[in-house]
Visitor: 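I have a structure here, written as structure tokens, and I will follow up with some questions on it.
Reckoned from all heavy atoms, side chains included, excluding hydrogens, waters and symmetry mates.
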Amino acid sequence: HVQLVESGGGSVQAGGSLRLSCTASGFTFDDSDMGWYRQAPGNECELVSTISSDGSTYYADSVKGRFTISRDNAENTVYLQMNNLKAEDTAVYFCVRTGAPNYWGQGTQVTVS
């Protein structure tokens with residue numbers, strides 16, 4: 001069965017850094033476009049970043065220059081390096097297979113204070 005398991009969330013002060021990891025299983029990771037979404041209370045679910053199977057990346061304007069998405073196909077893992085964190089980055093972050101079939105992880109909390 002399909003699993004997307006996030007880790008690396010937590011609490012950090014503004015200006016700090018976190019690295020989120022998402023380990024996938026149950027589908028062909030190498031051929032999959034992957035991404036990160038986030039949702040804060042009262043907000044819509046926002047697309048943060050994507051990385052395609054060919055390595056092309058996308059970043060939301062709100063995180064551009066601060067976040068870096070990467071993937072390690074040998075480990076079936078996608079990462080989100082988050083630097084210079086701001087209070088407005090506080091949200092639950094979800095690892096997602098953005099292509100079809102579409103899969104979502106359970107989410108991991110990031111709190112910036």
Side-chain angles (χ1 to χ4, degrees):
H1 67 286
V2 171
Q3 284 191 297
L4 293 171
V5 181
E6 299 102 332
S7 62
S11 297
V12 66
Q13 290 192 312
S17 298
L18 287 172
R19 187 180 72 157
L20 305 184
S21 299
C22 170
T23 299
S25 60
F27 62 94
T28 305
F29 181 82
D30 294 10
D31 297 334
S32 299
D33 299 334
M34 303 295 297
W36 293 90
Y37 282 76
R38 67 186 182 186
Q39 186 165 30
N43 287 15
E44 295 182 347
C45 195
E46 175 189 21
L47 177 61
V48 176
S49 183
T50 65
I51 183 165
S52 68
S53 59
D54 70 4
S56 300
T57 58
Y58 159 85
Y59 299 94
D61 287 344
S62 58
V63 307
K64 196 171 298 181
R66 300 186 298 119
F67 290 11
T68 303
I69 192 169
S70 61
R71 65 193 296 159
D72 185 344
N73 288 342
E75 297 290 332
N76 283 3
T77 300
V78 61
Y79 303 95
L80 187 67
Q81 178 68 46
M82 305 185 294
N83 297 327
N84 192 24
L85 283 160
K86 304 176 179 180
E88 51 262 46
D89 296 318
T90 295
V92 177
Y93 284 71
F94 297 92
C95 178
V96 179
R97 187 195 191 199
T98 59
N102 188 231
Y103 305 121
W104 289 67
Q106 80 288 347
T108 185
Q109 177 71 47
V110 171
T111 302
V112 184
S113 62

Visitor: Do any N or O atoms from the side chain of Asn84 and from the backbone of Ser17 form a donor-acceptor pair under 3.5 angstrom?
Guide: no
Visitor: Quick check: is Val2 connected to Val78 through a chain of hydrophobic side chains (ILVMFWY, heavy atoms under 4.5 Å apart)?
Guide: yes
Visitor: Say whether Thr77 and Thr23, considering side chains only, have a donor N or O and an acceptor N or O under 3.5 Å apart.
Guide: yes
Visitor: Using side-chain contact (heavy atoms from CB on, under 4.5 Å) as the criterion, point out the one residue from Val92, Asp89, Asn43 that pairs with Arg38.
Guide: Asp89
Visitor: Taking the six-membered ring of Tyr59, is the NZ or CZ of Arg66 close enough (under 6.0 Å from the centre) and on axis enough (within 45°)?
Guide: no
Visitor: For Cys95 and Trp36, what are the C-alpha separation, side-chain angles and deciding distance, and is it a side chain to side chain contact (heavy atoms under 4.5 Å, CB included)?
Guide: CA-CA 5 Å; Cys95 178; Trp36 293 90; 3.9 Å; yes
Visitor: At what distance, to the nearest 0.5 angstrom, does CG of Asn102 lie from OG of Ser32?
Guide: 10.5 Å
Visitor: Out of curiosity, Glu75 CD to Phe29 CZ, how far, rounded to the nearest 0.5 Å?
Guide: 10.0 Å
Visitor: Just verifying a value: how many Å separate Gln3 CD and Phe27 CZ, rounded to the nearest 0.5 Å?
Guide: 10.5 Å
Visitor: Are the side chains of Leu85 and Gln13 in touch, meaning some heavy atoms are under 4.5 Å apart?
Guide: no
Visitor: For the residue pair Trp104 and Phe94, categorise the inter-ring angle as parallel (less than 30°), tilted (30 to 60°) or perpendicular (more than 60°).
Guide: perpendicular
Visitor: How long is the span from the CG atom in Leu80 to the OG1 atom in Thr108, to the nearest 0.5 Å?
Guide: 11.0 Å
Visitor: Just verifying a value: how many Å separate Ile69 CD1 and Ser56 OG, rounded to the nearest 0.5 Å?
Guide: 11.5 Å
Visitor: Ignoring hydrogens and geometry, is there a side-chain-to-backbone donor-acceptor pair from Thr50 to Met34 under 3.5 Å?
Guide: no
Visitor: Quick one: CG on Asn76 to OG1 on Thr28, what's the gap to the nearest 0.5 Å?
Guide: 9.0 Å
Visitor: Tell me whether Thr68 contacts the main-chain N or O of Gln81 through its side chain, where contact means a donor paired with an acceptor under 3.5 Å.
Guide: no
Visitor: Take Met82 and Val110 through the side chain to side chain contact (heavy atoms under 4.5 Å, CB included) test and state the conclusion after the steps.
Guide: CA-CA 10 Å; Met82 305 185 294; Val110 171; 3.9 Å; yes
Visitor: Would the distance check show the side chain of Glu6 and the main-chain N or O of Gln106 forming a donor-acceptor pair, the cut-off being under 3.5 Å?
Guide: yes
Visitor: Under 4.5 Å between side-chain heavy atoms, hopping through other hydrophobics if needed: is there a path connecting Val48 to Tyr103?
Guide: yes
Visitor: Is it true that Tyr93 and Val112 fall in one hydrophobic cluster, defined by side-chain heavy atoms closer than 4.5 Å?
Guide: yes
Visitor: Return the minimal non-hydrogen interatomic distance between Ala91 and Gln109, and the atom names on each side.
Guide: O-NE2, 3.4 Å
Visitor: Measure the shortest side-chain to side-chain distance between Val96 and Leu4 over non-hydrogen atoms and say whether it is less than 4.5 angstrom.
Guide: no
Visitor: Hey, quick one: are Ile51 and Leu47 part of the same hydrophobic cluster, counting side-chain heavy atoms closer than 4.5 Å, chains of contacts allowed?
Guide: no
Visitor: Between Asp61 and Lys64, is there a side-chain N and carboxylate O pair less than 4.0 Å apart?
Guide: yes
Visitor: Spell out, as yes or no, whether a donor-acceptor pair under 3.5 Å connects the side chain of Arg71 to the backbone of Asp33.
Guide: no
